[in-house]
Amino acid sequence: MTIQQDAAQSLSLMDLTSLNENDTEQSILALLDSVRPEIGLPAAICVYSQFVGLVKKELIQRNWQSVKVATVTNFYDGEQSLESVLTETKQALSEGADEIDLVIPYKEVIQGELENAKLYVQKSKQLCAQYGACLKVIIESGELKAHELIRKASTLAIEAGADFIKTSTGKVPVNATLEATEIMLDAIKASGREVGFKAAGGVRTVNDASAYLRLAEQKLECSSLTPAQFRFGASGLLKDIHNTLDA
């Protein structure tokens with residue numbers, strides 16, 4: 001594929017993201033304004049839960065019905081209580097969130113305490129199912145580090161009902177890498193389930209994105225990825241996509 005084709009495809013697979021502590025309604029509206037619909041729309045807009053209602057309303061007003069609203073839970077350190085995570089999840093879903101990106105208690109996975117991590121996924125999945133929403137599970141691969149832990153966390157999330165497995169929060173020193181991506185895609189393939197994959201954090205250029213697209217196409221044995229199979233969690237990538245498509 002040409003670099004322009006990869007740019008267009010990357011845009012269609014993007015969860016355009018703003019998860020900053022200083023986000024405001026104005027900054028979220030500016031994020032939406034950075035989209036150029038004549039070039040293409042992202043798969044989703046990912047924001048903190050307090051902005052879900054705003055984004056939902058804006059997408060309707062802009063006639064961008066194909067774009068999903070995503071939010072994060074147990075973010076970003078994975079240390080909130082299950083009760084608070086489920087309360088936030090239910091609130092976000094009731095306000096119109098289409099997708100929940102849940103951080104598993106990855107520190108417990110590192111310590112070998114897998115059952116509680118599995119419970120976070122199972123209970124979140126139950127809530128998402130009630131609303132017809134998608135559950136993406138963030139394993140924080142850069143903190144897990146070891147190949148075996150990345151594989152174990154991926155498998156745990158899939159077995160507990162994840163619709164997607166996602167590399168990272170984007171808030172730690174090491175986020176998405178091709179190495180972790182390969183392990184996670186292999187876990188999806190081994191499961192025999194139709195589970196999506198999301199690379200988040202550090203994918204800033206179309207050239208970066210191209211490497212992930214080729215790897216995913218190879219591992220998932222498909223010639224063209226869909227938003228149900230693959231996502232990028234990114235913000236800065238949009239600018240390089242626009243520059244590439246304008247060239």
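Since the model is a prediction, treat every value here as computed from it, not as a measurement. Hydrogens, waters and symmetry mates play no part in the numbers below; they use all other heavy atoms, side chains included.
Interatomic distance, Y106 OH to E143 CD, rounded to the nearest 0.5 Å: 5.0 Å. Interatomic distance, CD of E25 versus CG of L29, reported as 7.0 Å (0.5 Å rounding). A distance of 9.5 Å separates CG of L237 from CG of L16, quoted to the nearest 0.5 Å. Separation of atoms CD (Q218) and CG (L213) is listed at 13.0 Å; rounding is to 0.5 Å. Separation of atoms CG (D101) and NZ (K166) is listed at 4.0 Å; rounding is to 0.5 Å. Once rounded to the nearest 0.5 Å, the distance linking CD of E179 with OG of S141 reads 9.5 Å.
In this structure, V35 and R62 have side chains that are not in contact, with every pair of non-hydrogen atoms separated by 4.5 Å or more. The shortest side-chain heavy-atom distance between K152 and I139 does not fall under the 4.5 Å cut-off. V103 is not listed as a side-chain neighbour of V72, based on a closest heavy-atom distance of 4.5 Å or more. Annotation: side chain of E99 is not in contact with side chain of K198 (no heavy-atom distance under 4.5 Å).
Shown here are the side chain to side chain donor-acceptor pair (under 3.5 Å) partners of Q9, two or more places apart in sequence or in another chain: there are none. Scanning for side chain to side chain donor-acceptor pair (under 3.5 Å) contacts around T169 gives E140, with sequence neighbours left out. Here K118 pairs with nothing under the side chain to side chain donor-acceptor pair (under 3.5 Å) rule; sequence neighbours left out.
Residues N207 and S210 bring no donor and acceptor atom of their side chains to less than 3.5 Å of each other.
Nearest heavy-atom pair across A8 and L245 is N-CD2, 4.1 Å. Contact record, V137 with A157: CG1-CB, 3.8 Å, taken as the closest heavy-atom pair.
Between the side chain of T73 and the backbone N or O of V85, no donor-acceptor pair lies under 3.5 Å. Of the possible donor and acceptor atoms, none in the side chain of N175 sits under 3.5 Å from a partner among the backbone N and O of A200. Looking at N74, its side chain never comes within 3.5 Å of a backbone N or O of L102 through a donor-acceptor pair. A donor-acceptor pair is defined here as one N or O able to donate and one able to accept, closer than 3.5 Å; such a pair exists between the side chain of D208 and the backbone of T205. Under the 3.5 Å distance criterion, the side-chain polar atoms of D23 are matched with a main-chain donor or acceptor of N20. In this structure, K171 contributes its side chain and L19 its backbone to a donor-acceptor pair below 3.5 Å. Using a distance-only test at 3.5 Å, with no hydrogens or angles considered, a donor-acceptor pair links the side chain of T155 to the main chain of R151.
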Item to check | Pair D246-I39, side chain to side chain contact (heavy atoms under 4.5 Å, CB included): steps then yes or no | outcome: CA-CA 9 Å; D246 284 339; I39 286 181; 3.9 Å; yes

Next on the checklist: Walk me through whether D77 and K107 qualify under salt bridge (charged side-chain N to carboxylate O under 4.0 Å, His left out).
Outcome noted: CA-CA 9 Å; D77 59 10; K107 293 165 190 172; 5.0 Å; no

Item to check | Residues L13, Q229; criterion side chain to side chain contact (heavy atoms under 4.5 Å, CB included); working and verdict | outcome: CA-CA 9 Å; L13 301 174; Q229 296 171 301; over 6 Å; no

Checklist entry - Going through the distances and angles, do D15 and K68 end up as a salt bridge (charged side-chain N to carboxylate O under 4.0 Å, His left out)? => result CA-CA 9 Å; D15 289 0; K68 306 295 185 184; over 6 Å; no

Next on the checklist: Determine whether N63 and Q65 satisfy the following criterion, side-chain hydrogen bond (donor to acceptor under 3.5 Å, both in side chains), listing intermediate values before the conclusion.
Outcome noted: CA-CA 6 Å; N63 200 28; Q65 281 91 338; 3.1 Å; yes

Tabulate below the donor-acceptor pairs under 3.5 Å that side-chain atoms of residues 181-190 make, not counting sequence neighbours, or state none.
from	atom 1	to	atom 2	distance (Å)
T181	OG1	T177	O	2.8
E182	OE2	K219	NZ	3.2
D186	OD1	K219	NZ	3.1
K189	NZ	E221	OE2	2.9

Quick one: side chains of residues 42-53, donor-acceptor pairs under 3.5 Å with protein atoms, not counting sequence neighbours, listed by atom name and distance.
from	atom 1	to	atom 2	distance (Å)
Y48	OH	E21	OE2	3.3
S49	OG	E88	OE2	2.9

Would you list the atom pairs, donor with acceptor, under 3.5 Å between side chains in residues 123-135 and any protein atom, with sequence neighbours excluded?
from	atom 1	to	atom 2	distance (Å)
S124	OG	Y120	O	2.8
K125	NZ	D163	OD1	2.9
K125	NZ	D163	OD2	3.1

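Taking the six-membered ring where the residue is Trp, F232 and Y212 present perpendicular rings, their angle passing 60° and hence far from 30°.
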